[in-house]
Chemist: 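Mind having a look at this structure? Questions to follow.
We name chains A, B, ... by the order of the sequence lines, and we start the count at 1 in each one.
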Amino acid sequence: MKIATWNINGVKARIENLCQWLKDSSPDIACLQEIKTVDEGFPRLEIEALGYHVETHGQKGFNGVAILSKVKPDEVTRGLPGDDGDEQARFMEAVFSIEGHGALRVCCLYLPNGNPIDTEKYPYKLAWMERLRKFAGDRLALEEPIILAGDYNVIPEPHDCFDPKVWENDALFLPQTRRAFRQLEHLGFTDAVRATTDAVKLYSFWDYQAGAWPKNNGIRIDHLMLSPEAADRLAATAIEKHVRAWEKPSDHVPVIAHLDFSS
DNA sequence: ATGGCTAGGAATCCTAGA
């Protein structure tokens, strides 16, 4: 079972890349962030033609998430609990049936960036992370395989960026941000990529500006966090960075976790 | 790299991203 997360930075601008990637990589489940369209604008026909079921939680212009899957989910919910006044489309959850193994829950999340840090955006990010922590804690009680996949906008450790000094005062790397991320780990969630490799200079985002990609000035901010029941099934991970070199790329690349439900 | 680029919406520039 191949599960992917990819901040696609505009699904309408990226539809050719997305279709090529689905054909090449053939994920069973793909979580997309920053679709930047309302549900009606999502290019679902092209994706359905490749054999995928499409669920979206869109928003006009910004944000928006989607879950593509080879098998139709049993249920889908939209929005992160904990703030009824939050209008931003950044979270959805889909529940799948795995033959012989019960439910698999996949959450697709686009965590707020939080910059500039001296505006209301940073407290919004921290409040969102606290809501995510509560949600994750509640879900753990189900004792099911759960994957929280998405663009976390969090650089977990200094070696997850090319130059920690550059990010010192950035919302992606501030101590409070990293602490909130660690709290997810302390609940019992496993960072899938870090569980499978100690490699450094392993990134999932390269800025469009300043030659960041050719210089490999990247950051690792797209993560798949696994509940214990999912982490027990973790077989391998991959960061499909070749996609960043394609024509008209997203600034993020797909990150993959392979879960083995064969036994 | 305190932004050198990109997407989207409104509109020929702005906001947002990280």
Chemist: Tell me: CZ of A:Phe205 to C1' of B:dG17, nearest whole Å?
Modeler: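 The distance from CZ of A:Phe205 to C1' of B:dG17 comes to 7 Å, rounded to the nearest Å.
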Chemist: Output the rounded distance in Å from CZ (A:Phe173) to P (B:dG17).
Modeler: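 After rounding, the reported distance stands at 21 Å.
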Chemist: Can you check whether any acceptor in the base of B:dA18 is under 3.5 Å from a donor in the side chain of A:Asn113, or vice versa?
Modeler: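 Under the 3.5 Å cut-off, the side chain and the base do form a donor-acceptor pair.
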Chemist: Between atom CD in A:Gln59 and atom C1' in B:dT15, what is the gap in whole Å?
Modeler: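 Going from A:Gln59 (CD) to B:dT15 (C1'), I get 13 Å.
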Chemist: Mind checking if A:Arg90 touches a base, just sugar-phosphate, or nothing, with heavy atoms under 4.0 Å?
Modeler: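 A:Arg90: backbone/sugar contact only, no base atoms under 4.0 Å.
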Chemist: By nearest atom, which of the nucleotides B:dA18, B:dC5, B:dG9 is closest to the A:Leu172 side chain?
Modeler: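 The answer is B:dA18, which lies nearest to the side chain.
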Chemist: Given B:dA18, B:dA16, B:dA7, identify the nucleotide with an atom nearest to the side chain of A:Lys121.
Modeler: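 Out of B:dA18, B:dA16, B:dA7, the nucleotide with an atom closest to A:Lys121's side chain is B:dA16.
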Chemist: Can you tell me which nucleotide in B:dG17, B:dA16, B:dA18 comes closest to the side chain of A:Asn153?
Modeler: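 Of B:dG17, B:dA16, B:dA18, B:dA18 is nearest to the side chain of A:Asn153.
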Chemist: Check step by step if salt bridge (charged side-chain N to carboxylate O under 4.0 Å, His left out) holds for A:Arg139 and A:Glu93.
Modeler: CA-CA 11 Å; A:Arg139 281 290 179 266; A:Glu93 177 185 41; 2.7 Å; yes
Chemist: Could you work out which one of B:dA10, B:dG17, B:dA18 sits closest to the side chain of A:Trp167?
Modeler: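 Selected nucleotide: B:dA18.
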Chemist: Is the ring pair A:Phe181/A:His223 parallel, tilted or perpendicular, if the boundaries are 30 and 60 degrees?
Modeler: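 Correct class here is tilted.
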Chemist: Using a heavy-atom cut-off of 4.0 Å across all strands, would you classify A:Asp207 as base, sugar-phosphate, or nothing?
Modeler: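 Base, at least one base heavy atom under 4.0 Å.
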